[in-house]
Amino acid sequence: MYDSAIVEELDLHGYTAQEANRGVRAFLESWSRRAPGSVVRIITGRGKSSARGPILKPLVASLLKGELKHLVVDWCPDLHEAGYLVRLR
């Protein structure tokens, strides 16, 4: 998936967990309709500035494995481990 062209990115820096949940859902629903089979990137950051450790990265992984898996063919960490590459269904 690393060699696929990325059609769009969603940068979650500054989002709360609730905002990220809504944002990721809307982003994947929209792009799965607009460009099925394409690859998008969701940037979560590494969570270094959070006192309790990463929050967004595990949240997004949970969504991709669970509630939103019907929109996703495959996904993996990006090369910088600061987000995910997602191939849409």
Side-chain angles (χ1 to χ4, degrees):
M1 206 171 349
Y2 290 117
D3 59 351
S4 298
I6 297 167
V7 297
E8 189 61 76
E9 293 182 339
L10 172 63
D11 188 343
L12 298 175
H13 284 100
Y15 281 50
T16 65
Q18 186 177 27
E19 291 167 337
N21 189 319
R22 285 193 308 262
V24 169
R25 182 179 315 279
F27 178 74
L28 293 180
E29 287 173 350
S30 173
W31 280 97
S32 67
R33 283 191 307 271
R34 292 162 67 178
S38 62
V39 174
V40 296
R41 177 183 288 138
I42 301 172
I43 302 167
T44 60
R46 293 185 185 100
K48 291 182 176 183
S49 62
S50 177
R52 296 179 295 163
I55 294 171
L56 298 181
K57 192 169 182 182
L59 169 72
V60 171
S62 176
L63 290 170
L64 295 172
K65 287 188 267 190
E67 296 174 48
L68 302 179
K69 69 180 177 181
H70 66 283
L71 299 171
V72 173
V73 172
D74 194 18
W75 60 280
C76 64
D78 68 10
L79 288 173
H80 305 289
E81 304 230 354
Y84 300 102
L85 297 176
V86 180
R87 184 170 305 279
L88 300 169
R89 193 166 301 284

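Computed over heavy atoms, backbone and side chain alike; hydrogens, waters and symmetry mates excluded. Since the structure is predicted, the reported quantities are computational estimates derived from the model, not experimental observations. Position 1 is the first residue of the sequence, and the numbers go up from there.
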Requested in this report: Indicate whether any N or O donor in one side chain lies under 3.5 Å from an N or O acceptor in the other, for Asp11 and His13.
Outcome: yes
Query raised in the report: What do you reckon, is NE2 of His80 surrounded by more than 12 foreign heavy atoms closer than 6.0 Å?
Result: no
Report task. Taking all heavy atoms of Pro58 and all of Pro54, pick out the closest pair and write down the distance. Result ->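 That would be CG-O, 3.6 Å.
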Report task. State which residues pass side-chain hydrogen bond (donor to acceptor under 3.5 Å, both in side chains) with Ser38; sequence neighbours excluded, sorted by chain then number. Result ->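 With neighbours one apart ignored, the set is empty.
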Requested in this report: Could you list the residues that satisfy side-chain hydrogen bond (donor to acceptor under 3.5 Å, both in side chains) with Arg87, not counting sequence neighbours?
Outcome: Ser4
Query raised in the report: Which distance, rounded to the nearest 0.5 Å, do you find between the CG of Leu85 and the CG of Leu79?
Result: 7.0 Å
Report summary line: side-chain hydrogen bond (donor to acceptor under 3.5 Å, both in side chains) test vs Asn21 passes for just one of Gln18, Arg25, Glu19, namely Arg25
Query raised in the report: When clusters are formed from ILVMFWY side-chain contacts under 4.5 Å, directly or step by step, what else is grouped with Trp31?
Result: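 Val7, Leu10, Leu12, Tyr15, Val24, Phe27, Leu28, Val40, Ile42, Leu56, Leu59, Val60, Leu63, Leu64, Leu68, Leu71, Val72, Trp75, Tyr84, Val86, Leu88, listed by chain and number.
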